[in-house]
Amino acid sequence: MTERYLHAAIRVSAAARDRQRVATYMAHLAVRHLKVGGPKEALSLLRAAQVAEPNPTPILAATVRAHEALAYARLGGASTKAMDFSARVMDTDTTNLPDAHVDDALKETLGLLGGLTWLHLEQPKKSLPHFAPVLEGVSSPHASGPLPPLTAHGLLGAVEARLALGELDAATVVRDLFGLLAERHH
């Protein structure tokens with residue numbers, strides 16, 4: 001969604017007094033700001049989302065925490081707040097979610113965001129385990145369809161982590177896998 005549509009969705013949801021949707025759209029807007037390099041704006045939007053819905057669903061709560069961790073990491077290197085948020089995200093209880101597929105997708109998303117957070121905190125060794133599920137999933141011969149943006153970020157994160165650790169051969173393998181996937185998905 002473009003920013004304009006997200007603003008409209010927030011207004012309509014607020015008029016309908018649907019706090020959950022207001023918070024969800026604010027979180028989506030925060031993610032857009034994170035993508036274009038606005039971690040301060042993203043944090044403001046994430047805080048506003050928490051105020052709009054003080055009792056979010058487990059999915060929304062975990063998503064907000066994960067993006068908070070990433071925003072804090074982008075703001076200040078190895079900040080204690082980023083590490084605290086990252087740890088809280090990985091401890092998010094997803095057992096009571098209604099759909100097992102959503103549960104798996106949420107865990108994968110949180111894992112990738114955790115890996116990207118550790119990478120921004122200049123902790124490549126801690127980031128690598130978070131990228132493992134993406135590497136396993138995309139190397140499957142059954143993987144098809146467009147490459148999701150978060151998966152692409154995860155693959156690039158894995159390459160960056162391997163390079164930071166001086167593991168040039170492993171980084172090359174991941175980079176080559178990424179290239180093959182890009183060809184397969186076009």
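On a predicted model such as this, the values are computed, not experimentally measured, just so you know.
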Show the nearest heavy-atom pair for residues N55 and Q20, with the distance to one decimal. O-OE1, 4.1 Å

If you round to the nearest 0.5 Å, how far is CG of L6 from CE of M26? 11.0 Å

H67 side chain reached by V31 side chain, heavy atoms, under 4.5 Å: yes

Do the non-hydrogen side-chain atoms of P56 and V64 ever get within less than 4.5 Å of each other? no

Check: L34 main-chain N/O paired with R74 side-chain donor or acceptor under 3.5 Å: yes

Should H33 and L29 count as side-chain neighbours, where that means a heavy-atom distance under 4.5 Å? yes

Is there any salt bridge (charged side-chain N to carboxylate O under 4.0 Å, His left out) pair reaching into residues 20-29, and which pairs are they, with sequence neighbours excluded? D18-R21

Close side-chain approach of T117 and Y72, heavy atoms under 4.5 Å: no

Just to verify, what does E160 make a salt bridge (charged side-chain N to carboxylate O under 4.0 Å, His left out) with, not counting sequence neighbours? none

Going from CG on L70 to CG on L113, what distance comes out if it is rounded to the nearest 0.5 angstrom? 6.5 Å

Are side-chain heavy atoms of E53 and V22 found at a separation under 4.5 Å? no

Can you check whether R65 reaches E68 side chain to side chain, under 4.5 Å on heavy atoms? yes

